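Worth knowing before you read on, the calculation uses all heavy atoms, side chains too, and leaves out hydrogens, waters and symmetry mates. What you are looking at is a predicted structure, and each value in this text was computed from that prediction instead of being measured.
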Amino acid sequence: MTTRTASCRCGQLRATATGDPVRVSACHCLTCQQRTGSAFSVQARWPAEQVAIEGQSTAWSRTADSGLSVTYHFCPTCGSTVHYMTDHMPGLVAIPVGAFADPAFPHPRFSVWEDRKHPSVEILGDDVEHSP
């Protein structure tokens with residue numbers, strides 16, 4: 001069984017996920033752009049019972065573009081978001097793919113909020129589901 005560990009930049013906060021993610025997606029909403037400082041975000045989700053969190057985090061909640069709540073957990077030392085949960089997908093833990101520092105991580109199968117996508121960004125693959 002595959003085990004992957006994501007961490008913040010200073011290494012204090014870690015999320016270890018066991019098994020394959022149930023969803024890998026790219027999000028182009030404006031708040032994900034603000035959170036990442038990039039034109040989009042990519043995250044993987046696992047059932048909560050398959051994720052072990054180590055270290056201290058600070059939590060912050062907001063209302064997403066969908067109108068549902070999202071709670072982010074980030075390192076109080078370096079500020080990296082290492083995991084978060086959404087009301088949209090209860091029981092799942094989302095982990096930003098970049099926190100795994102693994103270029104071979106499975107590619108996104110879903111690309112969402114594409115009506116807010118930067119024109120220079122393309123999420124490629126015959127198996128990718130695109131939604132506005």
Side-chain angles (χ1 to χ4, degrees):
M1 184 172 291
T2 304
T3 300
R4 295 179 172 93
T5 300
S7 71
C8 63
R9 287 172 287 188
C10 72
Q12 183 278 133
L13 179 58
R14 293 170 304 287
T16 300
T18 303
D20 292 326
V22 296
R23 180 180 173 102
V24 180
S25 59
C27 182
H28 306 278
C29 80
L30 300 178
T31 52
C32 277
Q33 291 178 36
Q34 288 177 314
R35 178 179 59 81
T36 64
S38 182
F40 60 96
S41 67
V42 179
Q43 50 282 323
R45 290 179 169 83
W46 282 265
E49 62 272 8
Q50 291 178 227
V51 179
I53 307 298
E54 298 174 77
Q56 294 182 339
S57 69
T58 298
W60 179 70
S61 296
R62 70 167 181 86
T63 301
D65 289 348
S66 65
L68 300 171
S69 178
V70 181
T71 301
Y72 300 96
H73 293 266
F74 54 93
C75 175
T77 303
C78 69
S80 302
T81 301
V82 174
H83 63 97
Y84 61 96
M85 282 76 65
T86 69
D87 284 351
H88 173 69
M89 295 184 173
L92 297 181
V93 175
I95 302 173
V97 168
F100 290 103
D102 178 5
F105 198 91
H107 72 272
R109 304 287 177 154
F110 300 90
S111 180
V112 300
W113 289 97
E114 287 197 339
D115 58 343
R116 297 179 180 180
K117 182 173 70 66
H118 286 231
S120 61
V121 173
E122 282 190 69
I123 305 298
L124 303 174
D126 293 337
D127 57 351
V128 177
E129 180 181 313
H130 300 269
S131 64

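- Atom CD of residue Gln33 and atom OG of residue Ser38 lie 8.0 Å apart, to the nearest 0.5 angstrom.
- In terms of heavy atoms, Ser7 sits closest to Val82 at C-CG2, 4.0 Å.
- When all heavy atoms are compared, the tightest approach of Ser61 to Thr71 is OG-OG1, 2.7 Å.
- The line from NE2 of His83 to CZ of Phe74 is 11.0 Å long, rounded to the nearest 0.5 Å.
- Nearest heavy atoms, Trp46 versus Pro21: NE1-N, 3.3 Å.
- Within a 6.0 Å radius of NE2 in His88, no more than 12 heavy atoms belonging to other residues, nucleotides or ligands are found.
- Checking side-chain atoms of Ser80 against main-chain N and O of Arg9 turns up a donor-acceptor pair under 3.5 Å.
- If you take NZ on Lys117 and NE2 on His130, they are separated by 8.5 Å, rounding to the nearest 0.5 Å.
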Just do the side chain to side chain donor-acceptor pair (under 3.5 Å) check on Arg62 and Thr31 with the steps written out, would you?
-> CA-CA 10 Å; Arg62 70 167 181 86; Thr31 52; 2.7 Å; yes

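- None of Cys32, Ser131, Cys29 except one satisfies the side-chain contact (heavy atoms from CB on, under 4.5 Å) rule with Val112; the exception is Ser131.
- Across all their heavy atoms, Thr81 and Pro96 have their closest contact at O-CG, 3.6 Å.
- Under a cutoff of 6.0 Å and an axis angle of 45°, Arg4 and Phe105 form a cation-pi pair.
- A cation-pi geometry, defined here as NZ or CZ lying under 6.0 Å from the six-membered ring centre and within 45° of its normal, holds between Arg23 and Phe110.
- To the nearest 0.5 Å, atoms CE (Met89) and OG (Ser25) are separated by 6.5 Å.
- Arg14 approaches Gln12 most closely through the heavy-atom pair NH1-O, 3.2 Å.
- Remark: Glu114 CD to Ile123 CD1 distance equals 7.5 Å, nearest 0.5 Å.
- Gly19 approaches Gln50 most closely through the heavy-atom pair CA-NE2, 4.0 Å.
- Under a cut-off of 6.0 angstrom, the local environment of CD in Glu49 is crowded, with over 12 non-hydrogen atoms contributed by other residues, nucleotides or ligands.
- The aromatic rings of Phe40 and His28 sit tilted relative to each other, their planes meeting at an angle between 30° and 60°.
- Atom-to-atom distance recorded for Arg45:CZ and Met85:CE is 11.5 Å, nearest 0.5 angstrom.
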